[in-house]
Amino acid sequence: MKKYRRLFKIIAYANPGKGLLFLIALLSIMGALSSVLFPILTQRLIDSFSDAQTFPTEWLLILIGVLTAGSVASGFNFYMIGKVANRMLVNLRSKVLAKSIYLPIRYYDKNPSAEPASRIVNDTEVINSVLTDHFEPFISGMLTLVSSLIILWVLDWQLTAVLFVTLIIAFVITVPIAAKLSVLSKSIQEKEAHFLSFITERLSQIRLIKACTAESSSLTDSKQSLQQLYDLGQKEVKIAAIMAPIAGMTIVATLIIILAFGAARVSQGVITMGTLMAFILYLFNIVFPLIQFTYFFAAFNKAAGAAERVDELLDETEESSDGTQELSLAGQSIHFQNIKFEYEKGRPVFSDIDIQIPANKVVAFVGESGAGKSTLFSLLLRYYAPSKGRILVGNELINNLSLHKWRQQIGYVAQDAPLLSGSIRNNLLLGTEKPLSDEEIFDALKLAQLEEFVAQLPKGLDTEVGERGVKLSGGQKQRVAIARAMLQDNPILLCDEATSNLDSATEYKIQVAMNQLKNNRTTLVAAHRLSTVLEADKIIVLKEQKVIGEGTHQELMVKEPYYRELVEQQLKPFEGEDTLSEKISA
Ligand SMILES: Nc1ncnc2c1ncn2[C@@H]1O[C@H](COP(=O)(O)OP(=O)(O)OP(=O)(O)O)[C@@H](O)[C@H]1O
């Protein structure tokens, strides 16, 4: 029952509009009424014709009127259902999408991004189909069924009793089969969601697959899922194939039984020929809704499964945004105070670090790969919360500040400088609320050494960059990210290996530009290439979950052997290799 409650909850959440649902129910009743009245009016028409031997024009006109009203109501209802369904789908999708976007990064560490995508696209569609395909037939079917049974009882209760018995037998046979179908369809939905997740991920990494010649192994991996889907589909088809003749045979058997009993009762003079005719027409009013109900319950179960998955997602806790203060970060120092942090329990990245970042200075983080440089940035961006300790800006705990306003004041040039599909302009203005002229944009591009490249493109700033920026080189993507940070002009700037994809000449130019940027802002740099951090006001050395040294380059060269080792490693060639100058002279 819990899963049905979830379905109703999600439908209410999609806000179809009570008034519109009421109107649909009303129109469905009108449609049903015309089907209910059709046989009884036919009976009147036939019987009055046989009694009076004159054409009963008035009954014919009433019949035409009722059928016309029924058809008009059905047509209008069709439109209203479509309207409400579209509205529901948009509401539900935008709410689930909004939820997905505000989920914490930890959710996406655990779940592939195609998982919520499948809930946004597929599951919402399945839930919606209850309304588009089944709501009207269910209401009118229910009404037609009940009223037809009452009318039949009044017409001839004995014949109706015979009908009841045949229907109960058919019900007992079909219900367990329908229940099996509903279990199967739930498994199919789950498998389809996994399959979608698998192919989305593989296709998004098509370059990697081709470079590793992993096309056939990817196909083999997908074959297993496809086979499972095929097997489940076949089981569903087999059950449906058994159901169809049972339903057909039920109709035929019921018809034969009613015809046989009915004919006997006509010949005995208990009922008229018109009554028998009406009886048979009502019989269809009962059997067809019953068949529809089996489809309705199958769809209802399927939708309940989809609602369960959507509700699970909606129940996830969004990024905590408890803080409301809107502090300006300009001129504020940052303090990582006794921080312990672990992505997974028992595997700390930092056990106890304490880092002071003075305002408006350049602070660089060095350490071998995996030391936790990017993780520090993630903590500062509040992607994750420390397990122990706290982060202060000025004297304020960062969690007390509004998350939105906080991130709005931090520029971030990420390690792999990802871009979104769309134009260069859209990527440069991502998240920027203030309007910027082309002139201002080109000023930033100039500083980021990208002005010439963009200017010679036929569509300039409106050039499409392709999915994840595939049409740009790694270095160009980094320069777009740097230009974006320049445009955002935030008081705090995070540069994660920001110049690692650039050739030495461009890197030098960017360093010059970055040096201008560093005035009046606090800049945190994580870099492998120590040449990029030599000028930093402070260098923090990370090793084995701790800060093992801090100071300027000159100070660390004197007092910190590990730092000296890192610097020397970068300067000297690999063991047994000649230096570049030796190779050239050889
Ligand atoms: N989302 C994550 N889930 C689990 N572990 C993670 C996650 N991100 C990073 N780690 C782990 O945390 C540690 C620190 O990673 P981090 O990316 O911060 O290092 P880094 O110093 O920036 O490395 P690099 O210089 O290679 O970029 C690594 O051991 C890494 O495997």
Side-chain angles (χ1 to χ4, degrees), residues 2-4 6-7 10 89 111-112 114-135 137-138 141 167 169-204 209 214-254 287-313:
K2 193 177 162 205
K3 70 175 185 176
Y4 297 123
R6 273 183 149 171
L7 176 60
I10 296 294
L89 198 61
N111 301 285
E115 193 67 32
S118 140
R119 293 174 200 207
I120 294 165
V121 179
N122 296 349
D123 289 335
T124 52
E125 179 77 55
V126 171
I127 294 168
N128 214 38
S129 76
V130 172
L131 184 74
T132 42
D133 303 334
H134 301 284
F135 183 64
F138 179 74
L167 289 180
I169 294 170
F171 186 73
V172 170
I173 297 171
T174 49
V175 162
I177 306 177
K180 213 168 165 82
L181 255 182
S182 110
V183 174
L184 260 178
S185 78
K186 191 169 178 231
S187 311
I188 290 177
Q189 273 172 278
E190 278 162 9
K191 285 267 176 290
E192 274 175 349
H194 282 123
F195 183 61
L196 180 74
S197 170
F198 175 82
I199 50 171
T200 314
E201 207 227 2
R202 292 296 157 123
L203 293 177
S204 71
I209 304 260
E215 291 99 331
S216 69
S217 66
S218 294
L219 284 175
T220 315
D221 291 348
S222 68
K223 263 185 196 141
Q224 204 189 350
S225 302
L226 280 172
Q227 185 62 43
Q228 283 171 349
L229 272 172
Y230 173 81
D231 292 342
L232 286 172
Q234 277 305 100
K235 275 191 195 162
E236 196 178 39
V237 166
K238 272 184 206 155
I239 295 174
I242 295 170
M243 284 267 288
I246 289 180
M249 272 153 45
T250 310
I251 297 174
V252 174
T254 316
V287 172
F288 285 127
L290 280 179
I291 293 173
Q292 261 168 5
F293 288 169
T294 59
Y295 291 114
F296 174 75
F297 285 116
F300 199 70
N301 270 315
K302 207 170 168 176
E308 213 173 308
R309 279 195 299 279
V310 169
D311 199 32
E312 266 168 24
L313 183 78

Pick from Leu131, Asn128, Thr132: which one makes a side-chain contact (heavy atoms from CB on, under 4.5 Å) with Leu89?
->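 The side-chain contact (heavy atoms from CB on, under 4.5 Å) with Leu89 is passed solely by Asn128 among Leu131, Asn128, Thr132.
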
Nearest 0.5 Å, please: how far is [atom2] in [Y] from [atom1] in [X]?
X      : Y      : atom1 : atom2 : result
Gln234 : Leu184 : CD    : CG    : 11.5 Å
Leu313 : Glu308 : CG    : CD    : 13.5 Å
Ser218 : Arg202 : OG    : CZ    : 4.5 Å
Asp221 : Phe198 : CG    : CZ    : 4.5 Å
Arg309 : Ser118 : CZ    : OG    : 6.5 Å
Asp311 : Asp123 : CG    : CG    : 11.5 Å

Is there a side-chain contact between Phe296 and Pro137, using heavy atoms and a 4.5 Å cut-off?
-> no

Considering all heavy atoms of both residues, which atom of [X] and which atom of [Y] are nearest to each other, and what is their separation?
X      : Y      : value
Asn122 : Leu196 : ND2-CD2, 3.8 Å
Ser225 : Phe195 : CB-CD1, 3.7 Å
Glu215 : Ile209 : N-CG2, 3.7 Å

Test side-chain contact (heavy atoms from CB on, under 4.5 Å) applied to Val130 and Lys302, step by step = CA-CA 9 Å; Val130 172; Lys302 207 170 168 176; over 6 Å; no

Using a cut-off of 6.0 Å, state whether more than 12 heavy atoms not belonging to Glu312 lie near its atom CD.
->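 Yes.
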
Let me see the working for Thr124 and Arg119 under side-chain contact (heavy atoms from CB on, under 4.5 Å), right down to the final yes or no.
-> CA-CA 6 Å; Thr124 52; Arg119 293 174 200 207; over 6 Å; no

